[in-house]
Amino acid sequence: MSVRCPVVLCREENAYGAEVCAGCRTPLSGYARLHTYPAYLFNQGLAAAREGRLAAARDCFAAVVHWCPGDTEARNALALAGLRLGDRSEAHRQWTEVLGRRPGDPKATWGLAQLAEPSEPAKPAESSEPALPAVPSQSAEPAEPSGISGPGEVSEPAPGPG
C-alpha cells in the first residue's frame with residue numbers, strides 16, 4: 001500500500017507510514033490521519049448508536065456526509081438516526097439523495113417506504129427498522145466506510161429487537 005503526496009505539483013507515491021514525502025518533503029503523517037478521519041467518525045457514530053446516543057450518532061454521520069458526500073452508507077445511517085430521532089424531513093432528504101446516487105438501494109427504499117406510512121409510534125416488538133450497520137472489529141486502524149476507499153462492515157436491514 002502506498003500514499004500519494006497531496007501536493008498537486010508532486011503527487012509522488014510514498015510507502016505507507018512514511019513521515020515525509022520522498023519527492024517534496026511534505027509531512028505525510030498528518031495527511032494520512034486526515035484521510036482516515038471520516039472512517040473514524042463513522043465508527044464513532046455506529047458505537048454511539050449502539051449505546052442509544054442517537055444525537056451523537058447523527059452528528060458523526062452528518063460530519064462524514066459533509067466530508068464525503070458520495071458515501072451512501074453514511075447517508076443511510078444519518079437518515080436512520082434522523083428517523084429514530086423523529087426528524088422525518090431530514091431522513092427523507094438523505095434517503096432521496098442515496099437513491100439519486102445509488103438507485104434501488106435497499107436501505108433507502110425501505111426508509112422511504114417507512115416514511116410513506118402514517119406516523120404512529122411502533123411497539124418495540126413490532127418494529128421493522130433495519131439495524132444500524134455493524135460496528136467493525138476493533139483494530140489499530142478504523143475501517144473505512146464504503147464510498148471512501150474501502151467497504152465498511154455493514155449489515156443488511158434486519159428486524160428490530162425482538
Which atom pair, heavy atoms only, marks the closest approach of P6 to R11? CA-NH1, 3.7 Å
Using a strict threshold of under 4.0 Å (side-chain N to carboxylate O), is an ion pair present between R101 and E97? yes
Would V3 and H35 count as a side chain to side chain contact (heavy atoms under 4.5 Å, CB included) if you check the C-alpha gap in whole Å, the side-chain angles of each, and the deciding distance to 0.1 Å? CA-CA 10 Å; V3 176; H35 181 71; over 6 Å; no
Rounding to 0.5 Å, atoms NE2 (H66) and CG (L78) come to a distance of 13.0 Å
Heavy-atom closest pair, residues F61 and G45: CZ-C, 3.4 Å
Identify the two heavy atoms, one from R88 and one from Q114, that lie closest to each other, and give their separation to 0.1 Å. NH2-O, 4.1 Å
Can you name the residues that form a salt bridge (charged side-chain N to carboxylate O under 4.0 Å, His left out) with E13, not counting sequence neighbours? R4
Tell me whether L46 shares a hydrophobic cluster with V65, the cluster being built from Ile, Leu, Val, Met, Phe, Trp, Tyr side chains joined at under 4.5 Å. yes
Tell me the closest heavy-atom pair linking A79 and Q94, and the distance in Å. CB-CB, 3.7 Å
Interatomic distance, CG@L34 vs CG@L28, rounded to 0.5 Å, equals 12.0 Å
How close do F42 and A77 get, counting heavy atoms only, and between which atoms? CE1-CB, 4.4 Å
Quick check: do H92 and L112 have side-chain heavy atoms less than 4.5 Å from each other? yes
Atom of G23, atom of E12 and distance for their closest heavy-atom approach: N-CG, 3.9 Å
D59 side, atom CG; Q44 side, atom CD - distance, nearest 0.5 Å: 12.5 Å
Is there a side-chain contact between R58 and D87 in this structure, where contact means two heavy atoms from C-beta onward sitting under 4.5 Å apart? no
Residue pair Y31, T26: steps toward the side chain to side chain contact (heavy atoms under 4.5 Å, CB included) verdict: CA-CA 9 Å; Y31 172 72; T26 296; over 6 Å; no
Sub-4.5 Å side-chain heavy-atom contact between W110 and L80: yes
Report the residues that fulfil salt bridge (charged side-chain N to carboxylate O under 4.0 Å, His left out) with R25, sequence neighbours left out, ordered by chain and then residue number. none
Is any side-chain heavy atom of W67 closer than 4.5 Å to a side-chain heavy atom of L41? yes
Measuring only between side-chain heavy atoms, which start at C-beta, is R102 closer than 4.5 Å to K107? no
